[in-house]
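Structure record follows, encoded as structure tokens.
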There are 2 protein chains.
Amino acid sequence: MGTTQLETVPEPKYWHLRTVLSEALDSEFTVGEVLPNERELAARFGVARATLRQALEQLELEGRLHRRRGVGTTVAPPRVGVEVGPDGPAWPDASDDTWQPVDSDLSTPPAAVSTALALPRGIAVHTVRRSRVSHGHPVAAELLYVPESSVPGLHLPDAPSGPARARAVLRELQHLDLVAQNRSVELGSARADDAKQLDRLPGAPVLVVTTHFTTPTRLAALSVATYRADTCRLTFGATGGVEIEEGAA
Amino acid sequence: MGTTQLETVPEPKYWHLRTVLSEALDSEFTVGEVLPNERELAARFGVARATLRQALEQLELEGRLHRRRGVGTTVAPPRVGVEVGPDGPAWPDASDDTWQPVDSDLSTPPAAVSTALALPRGIAVHTVRRSRVSHGHPVAAELLYVPESSVPGLHLPDAPSGPARARAVLRELQHLDLVAQNRSVELGSARADDAKQLDRLPGAPVLVVTTHFTTPTRLAALSVATYRADTCRLTFGATGGVEIEEGAA
DNA sequence: TAGTGGTCTAGACCACTTG
DNA sequence: AAGTGGTCTAGACCACTAC
């Protein structure tokens, strides 16, 4: 008697919408194609714009869509795999071309960093900012915290900040004997400065990679790298294997 | 004359609210404490409930809050660090106590999995479901895809599914020569079945860990593990180092 | 200037947990 | 039955981009 699925589906509208849109993206759209605007999509599906936006937010979180204010919503390319974490412990390399030194100064780190480095709160450390670019787009912003005691022989250039200073600190680190490298990954939301560097709005989802660099005696440096969660797939330890490309639908 | 920051702050209300609440959580609340309900909080801050919810969603994404329908909003404990990824390549262990075999059957995997395993679409593979528990709470759900050709000597128990069948497949895997193990991490949203297993709502943010198990000749198995992004911090390769505890505010 | 996505409001009702 | 968070609506205005 006209019994459809309607009564047995306690599924939220936005979730159902997400599924419908996701399938449409698979079959009827190509990468880079622009979708109809939100007001039209909402009308087409017979829902409020806020509900439609909930579905779009899900798809953006999953890396399927790319939304830009003033421009529109486009179909995102598959996430780029960025290699994070070499086979063994290794210092960040000053001549590394995946990371670009941006700036550096001597400043007091957040309390959580002081704690991790076993320093009293308020003690200044060398703070190196680096930026990672892939395929022409910024994908990560890094803050590297180095206690002064880790680089006793550091000879600074004249400038109190800038890329040259950053490279000096990175070069000096190579002298230390690195024995271990603990990494962790967690979800976070971009702070205002990271967001600007990553070309996103504050609060955008990011993958935070924290790396502890330890020498035989102690924790010598701490790196906090913030990756765009919408566009990046972090890859680890390609131990002899071949990188497998996806997106071959 | 009464010039405050108001006019120079194009910062969204929900973002400012997030900051204020975050600082309040640091100084005035303890883990497990329940916050006032959303309607009261919204009234207290003079914003609409939807705006207040945007701030709470951010804090939940960052693992600071725990919200449960019908119950309330509580202050979340620090994220638990879950070790994912041993030092070298290793098969999932049947007697591993961090992972618990849940179920197993022979079924056709999603198209993306077929592609990665270099199988024609529609070919059935052994699918093993496992569940990971930490501190009494479910933290991850895993789907392990094993082509029949990878376990030719598999002797199945009578039951066509169930934990016993899962263990049989896992045991048989140990016989293969594992040479590499490629891992990647990306952000995703929980599908309905994962969400139920993780005690979350559909669409909840998760960290998806994909592992490729390769033998000398080919890709022999594929694991897709879904971790709760709100409660988990994934840790990698503790190469001789000591796990550093956080939360020592 | 027109069109886009981003923010915000003030309501309503629903699903769920708890007493 | 009462109280909580989750969903949804129909509007308004703002910030940004591009023409």
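In the text below, chain A, chain B and the rest are named by the order of the sequence lines, each starting its count at 1.
Regarding A:Glu57, its CD atom lies at a distance of 12 Å from the P atom of D:dT7, rounded to whole Å. In this structure, CD of B:Glu11 is placed 16 Å from C1' of D:dC14, rounded to the nearest angstrom. Atom CG of B:Leu52 is separated from atom P of D:dT4 by 13 Å (rounded to the nearest Å). Taking atom CG of residue B:Asp199 and atom C1' of nucleotide C:dC16, one finds them 13 Å apart after rounding to whole Å. In this structure, A:Glu40 atom CD and C:dT4 atom P are separated by 8 Å, rounded to whole Å. Rounded to an integer number of Å, the gap from B:Trp15 CH2 to D:dC14 P is 23 Å. Across the protein-nucleic acid pair, A:Arg49 atom CZ and D:dT9 atom P stand 14 Å apart, rounded to whole Å. Distance B:Leu201 CG to C:dT17 C1': 14 Å, rounded to the nearest Å.
Between A:Arg67 and C:dT4 there is no side-chain N or O to OP1 or OP2 distance below 4.0 Å. Not one side-chain nitrogen or oxygen of A:Lys13 sits closer than 4.0 Å to the OP1 or OP2 atom of D:dG6. OP1 or OP2 of D:dG5 has at least one side-chain nitrogen or oxygen of B:Thr73 nearer than 4.0 Å. OP1 or OP2 of D:dG6 has at least one side-chain nitrogen or oxygen of B:Arg53 nearer than 4.0 Å. For C:dT9, one of the phosphate oxygens OP1 or OP2 lies less than 4.0 angstrom from a side-chain nitrogen or oxygen of B:Thr51. Look at B:Tyr14 and you won't find any side-chain N or O under 4.0 angstrom from OP1 or OP2 of C:dC8. Side-chain N/O atoms of A:Asn37 include none lying less than 4.0 angstrom from OP1 or OP2 on C:dG3.
In terms of modelled atom types and a separation under 3.5 Å, the side chain of B:Arg228 and the main chain of B:Leu198 share a donor-acceptor contact.
Summary of the strand contacts: B:Pro202 and A:Arg39 both lie near DNA chain D, and taking for each the nucleotide with the nearest heavy atom, the more 5' one is attributed to B:Pro202. Taking for each of A:Ala50 and B:Gly72 the nucleotide of DNA chain D with the nearest heavy atom, the 5'-most of the two is the partner of B:Gly72.
Contact annotation: the side chain of B:Thr98 never approaches that of B:Val82 to less than 4.5 Å [non-hydrogen atoms, C-beta and beyond]. Side-chain contact between B:Ser22 and B:Leu59: present, with at least one pair of heavy atoms (C-beta onward) separated by less than 4.5 Å.
A:Arg68 comes within contact range of the sugar-phosphate backbone alone, with a heavy-atom separation under 4.0 Å but no base atom that close.
With respect to A:Asp194 and A:Arg129, no salt bridge is recorded, no charged nitrogen being found less than 4.0 Å from a carboxylate O. The residues A:Glu142 and A:Arg132 are annotated as not salt-bridged, no charged nitrogen and carboxylate oxygen being separated by less than 4.0 angstrom.
Not a single donor-acceptor pair, N or O on each side, falls under 3.5 Å between the base of C:dG3 and the side chain of A:Arg69.
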